[in-house]
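Take a look at the structure below.
So you know, we letter chains A, B, ... as the sequences are listed, proteins then strands, and number each from 1.
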Protein chains: 2
Amino acid sequence: MTAYEKTCLIRGDGGRAVRAVLDRIGDTWSLLVVATLDGERLRFSELQQRVSGISQRMLTRTVRQLERDGLVSRTSYGEVPPRVEYELTPLGRTLLGPAVALAEWAVAHNRDVDASRASYDER
Amino acid sequence: MTAYEKTCLIRGDGGRAVRAVLDRIGDTWSLLVVATLDGERLRFSELQQRVSGISQRMLTRTVRQLERDGLVSRTSYGEVPPRVEYELTPLGRTLLGPAVALAEWAVAHNRDVDASRASYDER
DNA sequence: CAGGATCCGACATGATACTG
DNA sequence: CAGTATCATGTCGGATCCTG
């Protein structure tokens, strides 16, 4: 792929496509929730336990948005006490590829970035 | 790659690696600026023209952070009027791979997401 | 158990005006 | 030209309390 093709792909339509995707999964929790649901069907409380540090409010908001975007499906059983389970949709699973690519970049290069920051901040 | 390996990669260390990356490029402009600099060395004003809609202030902040993170290099020629050029560093270029993967996902699936949103919002 | 409602502080972004 | 300074606004995320 040429540089021109890449830049067109990312910047296409004024960058609207990429911005749309980042608006969806660029927040603090969405990608972590999606990754956590990979291959598993989890209840709300289980999800909260596995995504360490997420508040109840943010988990609620995150799964709502993921559900709205069609990446996660929500199943509520009409029981008392309530039981609600979440899982990835087929569409949600397709996101794992790019997400893994990003994660691989992170683990491969975060040290370089941190080093660069440190040397920049010295000045 | 198994689901377990993926989830570990993304969620590893409490998701710190992915969060770090998203903190850097998950904002509105960083990824667009990086993509715009792909294969080109541009002056501040050229960059602002090509990244449509970015304000002067946000471009300044964005390139500063990208420079600090070692993804972009800044060259200031001591002239009057000032001339400053930006280009990707080798590290910055490595980000283009994951970025393209994300962009491809976006153009491939944004319609599905929009459709899901529309049907969700009907209710 | 799975949330909804409310309040709050921090930060991201933008508009505008100014400067070396 | 390439910024900096200041002000305003909106959103993100957390803490806390309440409920069917």
> What is the minimum heavy-atom distance between B:E67 and A:S116, and which atoms define it?
Replying inline: O-OG, 4.0 Å
>> How close do B:A101 and A:A101 get, counting heavy atoms only, and between which atoms?
In response: CB-CB, 4.4 Å
> Are there more than 12 heavy atoms of other residues, nucleotides or ligands under 6.0 Å from atom OH of B:Y4?
Replying inline: no
>> Whole angstroms only, please: what is the CD-C1' distance between A:E85 and C:dC1?
In response: 13 Å
> Just how far, in rounded Å, is P of D:dA2 from CZ of B:R64?
Replying inline: 12 Å
> Closest heavy-atom contact between A:A103 and B:V18?
Replying inline: CB-CG2, 3.7 Å
>> Side chain of B:R74 only, heavy atoms from C-beta on: which candidate in C:dT13, D:dG3, C:dG3 is closest?
In response: D:dG3
Nucleotides 16-20 of chain D: which of its N/O atoms have a protein N/O under 3.5 Å away?
none

>> Output the rounded distance in Å from CD1 (A:I25) to P (D:dC12).
In response: 15 Å
> Can you pull the side-chain hydrogen bond (donor to acceptor under 3.5 Å, both in side chains) pairs that have at least one residue in residues 26-39 of chain A, sequence neighbours excluded?
Replying inline: A:D27-A:S30, A:T36-B:R11
>> How many whole angstroms separate atom CG of A:D23 from atom P of D:dT11?
In response: 12 Å
> Is it the case that more than 12 heavy atoms not belonging to B:R16 sit under 6.0 Å from its CZ atom?
Replying inline: no
> Pick from B:M58, B:Q65, B:R64: which one makes a side chain to side chain contact (heavy atoms under 4.5 Å, CB included) with B:R61?
Replying inline: B:M58
>> According to a hydrophobic-cluster definition based on side-chain heavy atoms being under 4.5 Å apart (Ile, Leu, Val, Met, Phe, Trp, Tyr only), do A:M1 and B:L96 belong together?
In response: yes
>> Measure OH/B:Y86 against P/D:dC1 and give the value in whole Å, please.
In response: 14 Å
> When the distance from CG of A:D27 to C1' of D:dG14 is rounded to whole Å, what number comes out?
Replying inline: 14 Å
> Counting only non-hydrogen atoms, which of residues 29-53 of chain B are less than 4.0 Å from DNA chain C?
Replying inline: B:W29
>> Side-chain N or O of B:R61 versus OP1/OP2 of C:dG14: is the shortest distance under 4.0 Å?
In response: no
> Between D:dG13 atom P and B:L22 atom CG, what is the distance in whole Å?
Replying inline: 11 Å
> Considering all heavy atoms of both residues, which atom of B:L88 and which atom of B:R93 are nearest to each other, and what is their separation?
Replying inline: O-NH1, 3.3 Å
> So what does B:Y77 touch, heavy atoms closer than 4.0 Å: a base, only the sugar-phosphate, or nothing?
Replying inline: nothing
> To the nearest Å, how far apart are B:L59 CG and C:dT13 P?
Replying inline: 13 Å
>> Counting only side-chain nitrogens and oxygens, does B:T28 get under 4.0 Å of the OP1 or OP2 atom of C:dT13?
In response: yes
